[in-house]
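Please read the structure below before turning to the comments.
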Amino acid sequence: MKTKITVVGAGHVGEITAQRIAEMELGDVVLIDIIEGIPQGKALDITQSGSVVGFGSRIKGTNNWEDTAGCHIIVITAGLPRKPGMSRDDLLHANTEIVAKCAEKIAKFSKDGTIIVVSNPLDAMCEVARRVSGFPKNRVFGMAGILDTARMRAFIAMELNVAVENVTALVLGGHGDTMVPLVRCCNVSGIPISELMPADRIKAIVERTAKGGGEIVGLLKTGSAYYAPGAAAAEMVEAIVKDKKKVLPCAAYLEGEYGCKGLYVGVPVVIGAGGLEKVIEIKLLPEEQAMLDKSAAAVKELVDLLKV
Ligand code: NAD
């Protein structure tokens with residue numbers, strides 16, 4: 001049976017996610033939105049790009065949840081993006097309502113599906129999707145760490161003028177300004193970045209990474225980033241469809257790992273056919289643990305405000 005993947009929200013992140021999934025031929029794609037015509041038009045456009053690029057995935061645009069029935073993977077990108085001057089947390093109440101509605105429909109039409117949450121504030125929206133869908137934690141997790149890590153890798157590659165494929169980085173914590181870039185885990189083909197650039201440049205990269213989303217919001221002025229977020233969500237879908245056992249930083253529901261209990265926090269995990277198959281726990285240095293605790297506390301503050 002062919003894999004069926006739904007992308008909820010046919011806005012900026014949704015369209016790129018759907019396009020990449022279709023181009024990678026990961027399965028049949030359903031793109032759903034509440035605005036009539038938008039998902040249908042974008043689905044048709046992506047389908048037609050297949051004639052040029054050379055892929056044959058089926059992609060259907062719809063406003064009807066029945067078309068999503070029996071989906072294996074559902075990526076939720078529905079919700080408001082932030083505008084200049086806003087933090088991701090400012091989106092809490094509006095997006096809780098939207099994500100809760102989507103999770104309810106997913107539980108109804110795709111009860112065995114795996115949910116990847118993208119909508120912000122990410123860690124709190126994962127919790128909304130988990131509570132409302134009633135799905136187990138291995139089938140509800142969020143995309144943030146891949147994006148934050150991708151930003152850090154890009155900044156390191158730009159600084160050193162080296163191929164980004166050779167750069168490895170790791171960012172933990174909640175998807176907000178308190179995220180925790182782990183400098184000691186960053187390297188270029190195995191060479192620690194501390195061997196390759198001075199401490200002040202590393203510090204500047206760490207700061208730019210933490211504010212990476214805001215930098216793009218400030219430039220675009222009308223919304224937030226979508227090319228890298230869409231690519232990151234598609235990478236997670238690929239890891240599930242191909243059972244790749246990829247080690248990726250994702251927002252995972254922790255039950256004691258890293259000292260966090262009953263909370264979504266970004267940590268390294270294994271993604272495969274079983275969804276989020278395993279949390280990889282590494283021993284943090286005291287200062288890293290303190291930063292992670294602070295980040296988790298910021299997530300908890302938001303989760304405590306949830307009314308679902
Ligand atoms: P956008 O405004 O371009 O698109 C959002 C879409 O959601 C719109 O088309 C809207 O009609 C649709 N929508 C609203 N309610 C819906 C519902 N109930 N069912 C289906 N569709 C619905 O926004 P965007 O730039 O695509 O961003 C989407 C979300 O992703 C935002 O919350 C943004 O903050 C978040 N985001 C997260 C990350 C991350 O790293 N996790 C990165 C980028 C963006």
Side-chain angles (χ1 to χ4, degrees), residues 6-20 30-43 61-65 67-68 74-84 86-106 108-109 115-129 132 141-152 171 173-177 179 209-217 220-236 248-251 264-266 299 302:
T6 288
V7 178
V8 189
H12 284 110
V13 179
E15 72 192 16
I16 297 291
T17 305
Q19 181 194 24
R20 290 195 64 85
V30 179
L31 182 60
I32 184 168
D33 200 289
I34 45 171
I35 304 177
E36 279 178 30
I38 294 287
Q40 292 86 346
K42 289 186 179 181
T62 185
N63 309 111
N64 183 356
W65 275 95
D67 291 326
T68 71
I74 306 95
V75 184
I76 304 181
T77 76
L80 306 180
R82 57 186 170 141
K83 301 248 165 70
M86 288 174 87
S87 85
R88 295 177 181 91
D89 300 356
D90 294 331
L91 304 168
L92 184 76
H93 295 299
N95 285 354
T96 294
E97 205 175 304
I98 292 171
V99 171
K101 267 188 206 150
C102 298
E104 201 184 304
K105 296 289 188 188
I106 292 164
K108 179 170 176 195
F109 289 103
I115 302 177
I116 298 171
V117 180
V118 177
S119 315
N120 274 320
L122 192 270
D123 309 275
M125 291 307 105
C126 289
E127 179 61 6
V128 171
V132 176
F141 44 96
M143 188 292 290
I146 302 175
L147 173 64
D148 298 327
T149 301
R151 287 179 172 146
M152 190 166 188
V171 180
H175 185 51
D177 297 345
M179 67 181 73
T209 300
K211 295 185 182 138
E215 182 178 357
I216 291 176
V217 171
L220 295 180
K221 296 189 176 67
T222 51
S224 54
Y226 48 98
Y227 289 108
E235 183 181 20
M236 291 169 71
L248 299 165
C250 297
Y264 276 92
V265 178
V299 174
L302 280 191

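Just so you know, ligand 1 is whichever comes first in the structure, and atom 1 is the first atom listed for that ligand. Atom set for the values below is all heavy atoms of this structure, side chains included, hydrogens, waters and symmetry mates excluded. Predicted model, so just to flag it, every value in this text is computed and none were measured.
What you find for A43 and G61 is that their closest heavy atoms are CB-N, 3.3 Å. Of all non-hydrogen atoms in I106 and W65, the two that sit nearest each other are CG1-CZ3, 3.8 Å.
In summary, the atoms of ligand 1 found under 4.0 Å from a heavy atom of N95, numbered by their order in the structure, are 32 (O). For ligand 1, the atoms sitting less than 4.0 Å from at least one non-hydrogen atom of P229 are 42 (C), 43 (C), numbered in the order shown with element in parentheses. Counting the atoms of ligand 1 from 1 in the order shown, those under 4.0 Å from a heavy atom of P81 are 2 (O), 23 (O), 25 (O), 27 (O), 31 (C), 33 (C), 34 (O). Near I35, with a cut-off below 4.0 Å to any heavy atom, the atoms of ligand 1 are 11 (O). Ligand-side atoms of ligand 1 in range of T77: 28 (C), 29 (C), range being under 4.0 angstrom from any heavy atom. Atoms of ligand 1 lying under 4.0 Å from at least one heavy atom of V118, given by number and element, are 30 (O), 35 (C), 36 (N), 37 (C), 38 (C), 39 (C), 41 (N). If you number the atoms of ligand 1 from 1 as listed, the ones under 4.0 Å from a heavy atom of L122 come out as 41 (N). Against a heavy-atom cut-off of under 4.0 Å, L147 is close to the following atoms of ligand 1: 40 (O), 42 (C).
Among the atoms of N120, some N or O lies under 3.5 angstrom from an N or O of ligand 1. In terms of polar-atom proximity, defined here as any N/O pair under 3.5 Å, S224 makes no such contact with ligand 1. Among the atoms of H175, some N or O lies under 3.5 angstrom from an N or O of ligand 1. Between D33 and ligand 1, at least one pair of N/O atoms sits closer than 3.5 Å.
The nearest heavy-atom contact from the protein to atom 14 (C) of ligand 1 is I34 CD1, 3.8 Å. What sits closest to atom 22 (C) of ligand 1 on the protein, heavy atoms only, is A78 CB, 3.5 Å. With hydrogens left out, the protein atom closest to atom 26 (O) of ligand 1 is V13 N, 2.8 Å, a heavy atom. The closest protein non-hydrogen atom to atom 31 (C) of ligand 1 is L80 O, 3.1 Å.
With contacts defined as side-chain heavy-atom distances shorter than 4.5 Å, the pair M86/L91 qualifies. Put simply, the side chain of V13 does not reach to within 4.5 Å of the side chain of M143, judged on heavy atoms.
Within a 6.0 Å sphere centred on CD of E104, heavy atoms belonging to other residues, nucleotides or ligands number 12 at most.
At least one donor-acceptor pair closer than 3.5 Å links the side chain of N63 to the backbone N or O of D33. A distance-only check finds a donor-acceptor pair linking the side chain of N95 to the backbone of L80 [under 3.5 Å]. Not a single donor-acceptor pair under 3.5 Å links the side chain of T6 to the backbone N or O of V8.
Nearest to atom 1 (P) of ligand 1 by heavy-atom distance, out of A94, G14, C126, G11, is G11.
For H12, heavy-atom contacts with ligand 1 shorter than 4.0 Å involve the backbone as well as the side chain. Counting heavy atoms closer than 4.0 Å to ligand 1, residue A225 contributes backbone atoms (N, CA, C, O) but none from C-beta onward.
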| message | Under the criterion side chain to side chain contact (heavy atoms under 4.5 Å, CB included), I'd like the reasoning laid out for E127 against D123: C-alpha separation, chi angles, the key distance, then a yes or no. | response | CA-CA 7 Å; E127 179 61 6; D123 309 275; over 6 Å; no
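Proximity of M143 to ligand 1 is established by a heavy-atom distance of less than 4.0 Å. Under the 4.0 angstrom criterion for non-hydrogen atoms, S119 is in contact with ligand 1.
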